[in-house]
Amino acid sequence: MTAHAMPYDALLLCSFGGPNGTDDVLPFLKNVTRGKGIPEDRLVEVGEHYHRFDGRSPINEQNLDLLHALRAELQRRGVDLPVIWGNRNWHPYTVDTLRDASAFGAKRILTLVTSAYASFSGSRQYREHLAAAVHELGESAPEIHMLRPFFNDPGFVHANLDAIREAGATLDGGLAGAHILYVTHSIPDTMQEASAATGPGYREQHEDVRATIDAALADDLGHALPSSLAYCSRSGDPRTPWLEPDVNDHIEELQAQGVRKIVIAPIGFISDHMEVAFDLDVEAMETAEEHGIAAARADTVGVRQRFVAGLIDMVLERAARESGADVAPATVGSLAAFPDDAPAGSCRMRAGEVTGIPVLAGPHD
Ligand SMILES: CC1=C(CCC(=O)O)c2cc3nc(cc4[nH]c(cc5[nH]c(cc1n2)c(C)c5CCC(=O)O)c(CCC(=O)O)c4C)C(CCC(=O)O)=C3C
Ligand SMILES: [Fe+2]
């Protein structure tokens with residue numbers, strides 16, 4: 001017998017998008033940075049990161065892999081729910097995907113965005129984007145719901161933990177004596193403050209994941225390993241404060257403290273897209289080498305079975321709640337699950353400033 005994920009007709013995987021070749025790079029970067037005040041020389045620099053890879057971001061293939069893995073997991077469980085894909089900044093654009101879904105009769109769609117942590121960039125901006133798509137489609141637009149941020153989903157955290165264990169095993173002597181360097185995307189301090197307006201902020205969400213993984217590793221080894229959280233990929237005006245320390249500066253500091261072995265754990269990202277492929281695998285690995293530190297980069301969660309299964313658990317759990325069942329969200333760590341619907345007062349870009357741009361109800365920023 002086939003099961004359904006009532007009341008949903010489809011699951012939309014909604015991501016950032018990335019260029020597929022040289023000619024795409026500039027128009028893609030223009031899409032991303034429209035109205036953001038990012039200096040021209042930063043754009044040229046980031047363009048070069050893409051050109052190093054023939055203008056092709058790995059992100060689109062990674063999203064297709066995830067799309068197929070989500071479909072396979074639903075099929076394995078006998079659940080009939082189409083999975084579709086749309087992006088904010090490059091083809092296939094969300095609005096086109098939603099237009100097609102609507103033409104095929106989809107009335108209510110659950111959206112999974114590919115950012116695990118809640119902030120303006122990872123949550124609110126997707127909600128504005130989805131609201132704009134719904135507005136553009138007018139009468140024919142399906143109703144869109146959003147999944148809560150999944151940073152403290154057991155599948156996501158355990159998949160990161162497994163990846164760190166595996167990376168540790170490649171180091172001489174294993175994890176013993178290593179420092180675990182968790183890394184995520186930096187955001188402006190104002191965005192951090194706004195993320196903390198109605199719940200645990202972006203930094204605190206990462207700190208909770210770090211604490212959960214640290215405790216599991218301490219269990220493995222019989223003693224705790226030192227660890228820290230650092231940030232990569234800052235941009236914007238250099239005078240604007242962003243979350244620190246930068247991963248490269250931090251590696252330098254660790255060397256001064258006598259650290260000789262690290263695992264770089266990119267818990268802020270779900271796949272090896274450009275930030276990971278360039279900012280970590282090229283830059284941070286070079287910094288480590290220059291400072292005589294042995295470094296292993298843990299995999300991003302990608303399509304690990306535990307991660308994909310956790311996402312599908314979340315989808316089915318949400319569908320059950322929407323259908324009136326009393327199902328509690330599953331989490332690990334000390335923070336509660338974020339609410340399915342955004343609490344009042346959370347829709348802010350900067351602390352204390354409401355942008356006035358329409359957003360969909362959903363996980364708060
Ligand atoms: C928190 C966060 C995530 C979430 C983590 C996640 O979802 O994984 C994320 C994801 C991504 N960011 C990406 C690319 C870019 N982000 C930029 C700019 C910015 N990101 C920011 C933050 C974040 N970004 C911020 C505060 C800015 C400044 C401008 C603004 O306020 O929005 C720029 C402009 C140039 C530059 O300034 O670097 C680019 C090209 C790609 C695609 C990579 C690929 O192509 O493989 C992905 C997945
Ligand atoms: Fe970004």
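What you see below is based on every heavy atom in this structure, not just the backbone, and it leaves out hydrogens, waters and symmetry mates. The structure presented is a predicted model; accordingly, all values stated were derived computationally and were not measured. Counting convention: from 1, in listed order, for ligands and their atoms alike.
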Measuring from atom 23 (C) of ligand 1, which candidate in His185, Arg88, Met274 has the nearest non-hydrogen atom?
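Of the listed residues, His185 has the closest heavy atom.
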Among Arg77, Arg306, Arg318, which one satisfies salt bridge (charged side-chain N to carboxylate O under 4.0 Å, His left out) with Asp313?
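Testing each of Arg77, Arg306, Arg318 against Asp313, the sole residue satisfying salt bridge (charged side-chain N to carboxylate O under 4.0 Å, His left out) is Arg77.
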N/O separation below 3.5 Å, [X] to ligand 1:
X      : value
Tyr126 : no
Glu275 : yes
Arg42  : yes
His273 : yes
Thr33  : no
Ser233 : no
Tyr50  : yes

For ligand 1, which atoms sit closer than 4.0 Å to a heavy atom of Gly268?
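Matching atoms, with element in brackets: 5 (C).
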Element-labelled atoms of ligand 1 that are located less than 4.0 Å from some non-hydrogen atom of Val32:
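Taking each heavy atom of Val32 in turn, ligand 1 has 17 (C), 33 (C), 34 (C), 39 (C) under 4.0 Å.
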Assess the side chains of [X] and [Y]: does a donor N or O sit below 3.5 Å from an acceptor N or O?
X      : Y      : answer
Tyr93  : Asn31  : yes
Tyr202 : Ser121 : no
His250 : Ser228 : yes
Glu290 : Gln255 : no

Flag if over 12 foreign heavy atoms under 6.0 Å of CD, Glu253:
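Yes, the 6.0 Å shell around CD holds more than 12 heavy atoms from other groups.
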Cation-aromatic face contact Arg88/Tyr126, 6.0 Å, 45 degrees
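So Arg88 does make the cation-pi contact.
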Using heavy atoms and a 4.0 Å limit, tell me yes or no: is Tyr117 in contact with ligand 1?
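No.
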